[in-house]
There are 2 protein chains.
Amino acid sequence: MGSMSNVPATAALPRRDQIRKEAARLFAARGFLGVGVDEIGKAVGISGPGLYRHFAGKDAMLADLLVGISERLLEEGRRRAGDRTGDDAGAQGVLDALISGHVDFALDDRDLITLHDRELLHLKEEDRRRVRRLQRGYLELWVEVVRQALPALAGPDEEPVARAAVHAVFGLLNSTPHSLGPNVAQGEWAGLPRDSMAALLHSLAQGAFAAAARSAGKPGAA
Amino acid sequence: MGSMSNVPATAALPRRDQIRKEAARLFAARGFLGVGVDEIGKAVGISGPGLYRHFAGKDAMLADLLVGISERLLEEGRRRAGDRTGDDAGAQGVLDALISGHVDFALDDRDLITLHDRELLHLKEEDRRRVRRLQRGYLELWVEVVRQALPALAGPDEEPVARAAVHAVFGLLNSTPHSLGPNVAQGEWAGLPRDSMAALLHSLAQGAFAAAARSAGKPGAA
DNA sequence: CCCCCAAGTTAATGAGCGTTAACTCCAGCA
DNA sequence: TGCTGGAGTTAACGCTCATTAACTTGGGGG
């Protein structure tokens, strides 16, 4: 193996992680097909095909990023849900924990959240299935928690409603990094401090779920 | 000019519109850079460079689509807001009208809604500025209406909150076509009839705005 | 001290793709 | 009837780009 310890601190990250970070940034900015390998190489200080010492190919980089974020989302989601499952009064608290976790991802890993529902189609069939399975597991986790937290959505007829509501809330939470992107001023998100933005997103998600519960079972069109 | 009337009804659409429709479908499915002009040509029954009789280039097709949807959104939004502006009790009704209009776009023009916030970066600078100006106008329209409908968001300090909330609700409404895509069964949206899905999205958006108003001015982190 | 391998380098290859050129075809009109 | 121009066709050009090949280098363990 290579050097075992003592990273020089000028390059605090191992090459592979450095490539991940820059590739995610570039893919999010210009799209997977819009970025060339030479560009990724230049971003990490090596040039062009040197990347092939660390990844099998450009596709493999994207797959690594999407599988990684999907696994982290599901893992963290399970961790937060697993703390206290099954009891009744805590269900709202579990839902809040899920929301908080997702908001943190959306605000702190903007590039990956953007990629994870934007570039899925550029994966090879096998990787795409893998990512979709992870995403589906994450969605099911949310659906279960939502149906426990909001009894109006617990009935079997309301299952599609709960599922669609979770989809929609994901869209709500994920869209913010995308639309409010490039203002880099320390901790400022479109004029709001990071924590205020997090609290706002949390409230919006809560409010959306509450409205879904309130309107469940009503046939009325708009 | 060419033939003036009497479209043969086998090709109900003029060539240009037919190209628009197929290009939108393909771009939404595989991304702008992932679709070749030969493919678009084949989808409309002509092949490859024949498209250049109708569009100046591939870029021009995307620009046409994005400018078109942005203009339609803004125009229809203004139409619905213009019916009764300025009065106080009707503000909530105007907001509902805006939401309904956007939901209709999201459900009926899925491909265009998907493209309009996914492929903006592949436009040439000039077209991108044009589309962004239209999108900004549409957003400002919503922000004004939201601040009239919900007094808690009307203060000058709450302007960034209202703006962020509108962004988030756009994400909510736009995400549904994207995540619940390819189930084509007549009028079924992930197990829900179209009108139920529309009503649900409407409720989710209302609930999100209400929650934003409810939590405005509170400093609390999650 | 020497060898070896991880990590890079540049050059070449080969495929894909947007666009242009040159040519064909036919409908409509004077 | 003869011509004109919109609409399409195929072939060719030029460029980009992912991947591979062949070669260089430097540091650590036997």
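Treat the numbers as computed from the prediction; the structure is a model and nothing was measured. Chain A is the first sequence line, chain B the second, and so forth, proteins listed ahead of strands; every chain is numbered from 1.
Atom pair A:Leu33:CG and C:dG18:C1' shows a separation of 15 Å (rounding to whole Å applied). With rounding to whole Å, B:Ile40 atom CD1 is found 15 Å from D:dG8 atom P. To the nearest angstrom, P of C:dT9 lies 12 Å from NZ of A:Lys42. We find that CD1 of A:Ile19 is positioned 10 Å from P of C:dA7, with the value rounded to whole Å. If you take CG of B:Asp38 and P of C:dA15, they are 17 Å apart, rounded to a whole angstrom. B:Gln18 has its CD atom 14 Å from the C1' atom of D:dG8, to the nearest Å. Rounded to an integer number of Å, the gap from NE2 of B:His122 to P of C:dC17 is 15 Å. Whole-Å rounding puts the B:Leu51 CG to C:dT20 C1' distance at 14 Å.
Judged purely by distance below 3.5 Å, without hydrogens or angles, the side chains of B:Asp117 and B:Gln135 never pair a donor atom with an acceptor atom.
The side chain of A:Arg15 sits closest to C:dG8 out of D:dA11, C:dG8, D:dT19.
The pair B:Glu119-A:Arg118 does not count as a salt bridge, with every side-chain nitrogen at least 4.0 angstrom from each carboxylate oxygen. Between B:Glu140 and B:Arg163 there is a salt bridge, with a side-chain nitrogen of the basic residue lying less than 4.0 Å from a carboxylate oxygen of the acidic one.
The aromatic ring centres of A:Tyr138 and A:His102 sit less than 6.0 Å apart.
Backbone-only contact: A:Val35 has heavy atoms under 4.0 Å from sugar-phosphate atoms and none from a base. Using a 4.0 Å heavy-atom distance criterion, B:Gly50 is classed as a base contact.
Within residues 52-66 of chain B, the residues that have a heavy atom under 4.0 Å from DNA chain D are, in order of number, B:Arg53, B:His54.
Put simply, the side chain of A:Arg128 never gets that close to the backbone of A:His122: no donor and acceptor are under 3.5 Å apart. Although no hydrogens or angles enter the test, the distance criterion places no donor-acceptor pair under 3.5 Å between the side chain of B:Ser196 and the main chain of B:Leu192.
Considering B:Asp59, B:Leu115, B:Leu26 in turn, B:Asp59 is the only one that fulfils the side-chain contact (heavy atoms from CB on, under 4.5 Å) rule with B:Phe32.
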